[in-house]
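Here is the structure we will look at.
Lettering of chains follows the sequences in order, A, B, ..., and the numbering in each one begins at 1. Given the structure is predicted, the values throughout are model-derived calculations rather than measurements. When reading the values below, keep in mind they use all heavy atoms of this one structure, side chains included, and skip hydrogens, waters and symmetry mates.
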There are 2 protein chains.
Amino acid sequence: MASLARDVRPAAQSQRPRGIKTRRAILSRAVALASLEGLEALTIGRLASALRMSKSGLFAHFGSKEELQCSAVEAAREIFVEKVIRPASALSGLRRLRLLCKRWFEYAEARAFPGGCFFSAASLEFDDRPGRVRDRILELMQRWQLLLERTIREAQAAGEVARGIDPRQVAFEIQALAMAANWRSRLFKDRGAFATAHRAILSRIEQIATRERRRR
Amino acid sequence: MASLARDVRPAAQSQRPRGIKTRRAILSRAVALASLEGLEALTIGRLASALRMSKSGLFAHFGSKEELQCSAVEAAREIFVEKVIRPASALSGLRRLRLLCKRWFEYAEARAFPGGCFFSAASLEFDDRPGRVRDRILELMQRWQLLLERTIREAQAAGEVARGIDPRQVAFEIQALAMAANWRSRLFKDRGAFATAHRAILSRIEQIATRERRRR
DNA sequence: CCTACCGATCGGTAGG
DNA sequence: CCTACCGATCGGTAGG
């Protein structure tokens, strides 16, 4: 799968503390910038001047632009896991599904990244741009899709969701509505889009729920 | 509204036929390239060499990159109107809504633009990039949203759609599913995404239809 | 529609 | 982590 992927953080533990701190500061800024203007518009020169560093000084931390982009993706992933996936990991079934969605909207609306959901932006930007960055984003989006799918399937096995429902189809619909909310909040400067999408998702979940379990 | 917009095709009718033909050829290529890699990656140099023209020769047709991008948006709009909106203009209500969706999926799946729906890509790319290009894309996307909304409201007035339904909400859901299909077909190289989204849209339309009209 | 050019910026390197 | 540099490409201009 990731057979060509070199270690993303080479010998991080053995680096001097100063280097690690700088690296963290770089990636924090990189992720914020990329969420606003895209991973490709994230040029080494602009990032360096935003951090008051020399281009080559910053460059030395990564060795290539692609490596910088990949590192930014990993940094964003950690934030996503922290804010969206982990809080829901103790639950299961429909309660987990609802919490995943709730946390996703909080994460997107509270602008954990200043430009909205990092992965919505990145996966759209790289959907047709071959390379390691695309491969990794694709893998992460697939995992998110599979997590939703598996959660729905679990709920089905527990009798919370009607048997005729296709978990893949519903997972697709949830992802579609969430991404569209992110996009509309940016294009139309319409924060209400998040509420509209969340409402649509919750009522879709109600639809697939079995009668006896329809309330929690 | 478009008070700052200069005329997009200045004195087109008085230009010599050769100039018009060249311009058309440029825009056709520009739109195709932009659908694949984005309106910003559409550089004058690359477009010129793809057309075996000099940079400055191509440049003379537009005067600025922004004008080239705006012209590409208009060219794409004409294709969209031709393929999606016009075919449905004779119908009304739910039949029109279904035909609009059907035509949209045909347009996206048959790759009227080689990279998929031009406007899905462009509106995502420019959702946070101020300027004339963004303003125009925003206007066109808003019109498309309003067309869907108005069609649903018409259907409601004709008794085809239940009174409790919010046309805005449903229009949002349709647009979300369509865009997500375009995105997934690119990221996952999964043409089946179109069918999944179309299915979701059609069953959503069935849900909002009143009992007596539920079949056509 | 062309050649020839401009300053700015890109990703990246040499050498310290 | 720096200065100083590389070739390539960007949008755009001069002049024909």
Side-chain angles (χ1 to χ4, degrees), chain A residues 6 9-12 14-30 33-34 36-73 125-126 129-134, chain B residues 6 9-12 14-30 33-34 36-73 125-126 129-134:
Chain A
R6 283 170 280 154
R9 192 182 290 196
S14 68
Q15 275 182 312
R16 287 155 306 172
R18 178 65 190 275
I20 295 175
K21 236 180 108 179
T22 305
R23 194 191 146 92
R24 246 198 294 266
I26 293 171
L27 286 178
S28 163
R29 198 69 157 248
L33 256 169
L36 283 167
E37 312 186 10
L39 270 169
E40 206 55 43
L42 178 73
T43 69
I44 294 167
R46 290 181 59 196
L47 184 55
S49 81
L51 289 156
R52 282 171 231 268
M53 287 176 68
S54 69
K55 265 175 58 177
S56 65
L58 189 153
F59 190 83
H61 281 271
F62 304 96
S64 75
K65 185 177 183 183
E66 194 182 43
E67 185 61 39
L68 166 64
Q69 291 172 321
C70 285
S71 301
V73 169
E125 185 180 3
F126 278 83
R129 218 177 279 221
R132 282 174 57 212
V133 182
R134 188 195 120 90
Chain B
R6 282 169 280 156
R9 193 181 290 193
S14 68
Q15 274 182 313
R16 287 155 305 174
R18 178 65 190 277
I20 295 175
K21 237 179 107 181
T22 305
R23 195 190 147 91
R24 246 199 295 266
I26 293 171
L27 287 178
S28 161
R29 199 68 157 250
L33 256 169
L36 283 167
E37 311 187 10
L39 269 169
E40 206 55 44
L42 178 72
T43 69
I44 295 169
R46 289 180 61 195
L47 183 56
S49 82
L51 289 155
R52 281 171 232 267
M53 285 176 69
S54 69
K55 263 174 59 178
S56 65
L58 189 153
F59 191 83
H61 281 271
F62 303 96
S64 74
K65 185 177 183 183
E66 192 181 45
E67 186 61 39
L68 166 64
Q69 291 173 321
C70 285
S71 301
V73 169
E125 186 180 4
F126 278 83
R129 218 177 280 222
R132 282 174 57 212
V133 182
R134 188 196 119 90

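- Separating the CG atom of B:Leu47 from the C1' atom of D:dC10 is a distance of 14 Å, rounded to the nearest angstrom.
- A salt bridge links B:Lys65 to B:Glu40: at least one charged side-chain nitrogen sits closer than 4.0 Å to a carboxylate oxygen.
- You'll find the side chain of A:Thr22 stays beyond 4.5 Å of the side chain of A:Leu51, heavy atoms only.
- Summarising the geometry of A:Arg23 relative to A:Ser71, their closest heavy-atom pair is NH2-OG, 3.5 Å, with the distance given to 0.1 Å.
- Using a 4.0 Å cut-off between charged nitrogen and carboxylate oxygen, B:Glu37 and A:Arg129 do not count as a salt-bridge pair.
- One atom, CD of B:Glu67, and another, P of D:dG12, lie 11 Å apart when rounded to the nearest Å.
- Of the listed nucleotides (D:dT3, C:dG11, D:dG12), D:dT3 has the atom at the smallest distance from the side chain of A:Ser54.
- Contact between the side-chain N/O atoms of B:Thr22 and the OP1/OP2 oxygens of C:dC1 is found at a separation under 4.0 Å.
- C:dT9 atom C1' lies 15 Å from atom CG of A:Leu42, rounded to whole Å.
- Between the CZ atom of A:Arg46 and the P atom of C:dA8 there is a distance of 17 Å, rounded to whole Å.
- In this structure, of C:dC2, D:dG12, C:dG11, it is C:dC2 that holds the atom nearest to the side chain of B:Met53.
- When each of D:dT3, D:dA14, C:dC1 is scored by its nearest atom to the side-chain atoms of B:His61, the top-ranked nucleotide is C:dC1.
- The separation between B:Phe59 atom CZ and D:dG12 atom P is 5 Å, rounded to whole Å.
- The nucleotide whose nearest atom lies closest to any side-chain atom of A:Ser64 is, among C:dG12, C:dC1, D:dC10, C:dG12.
- Counting only heavy atoms from C-beta on, A:Lys55 has its side chain closest to C:dG12 among C:dC1, C:dG12, D:dG12.
- Comparing D:dG11, D:dC10, C:dG12 by their nearest atom to the side chain of B:Lys65 picks out D:dG11.
- Whole-Å rounding puts the B:Glu40 CD to D:dG11 C1' distance at 11 Å.
- Comparing A:Gly63 and A:Gly45 against DNA chain C, the residue whose closest nucleotide sits nearer the 5' end is A:Gly45.
- In this structure, A:Gln69 atom CD and C:dG12 atom P are separated by 9 Å, rounded to whole Å.
- Contact check for B:Ile26 versus B:Phe62: side-chain heavy atoms found under the 4.5 Å cut-off.
- Across all strands shown, C:dA4 forms a Watson-Crick or G-U wobble pair, both distances under 3.5 Å, with D:dT13.
- Per the geometry, CD1 belonging to A:Ile44 stands 9 Å off C1' belonging to C:dC10, to the nearest Å.
- In the set C:dC10, D:dG12, C:dA14, the nucleotide with an atom closest to the side chain of A:Ser56 is C:dA14.
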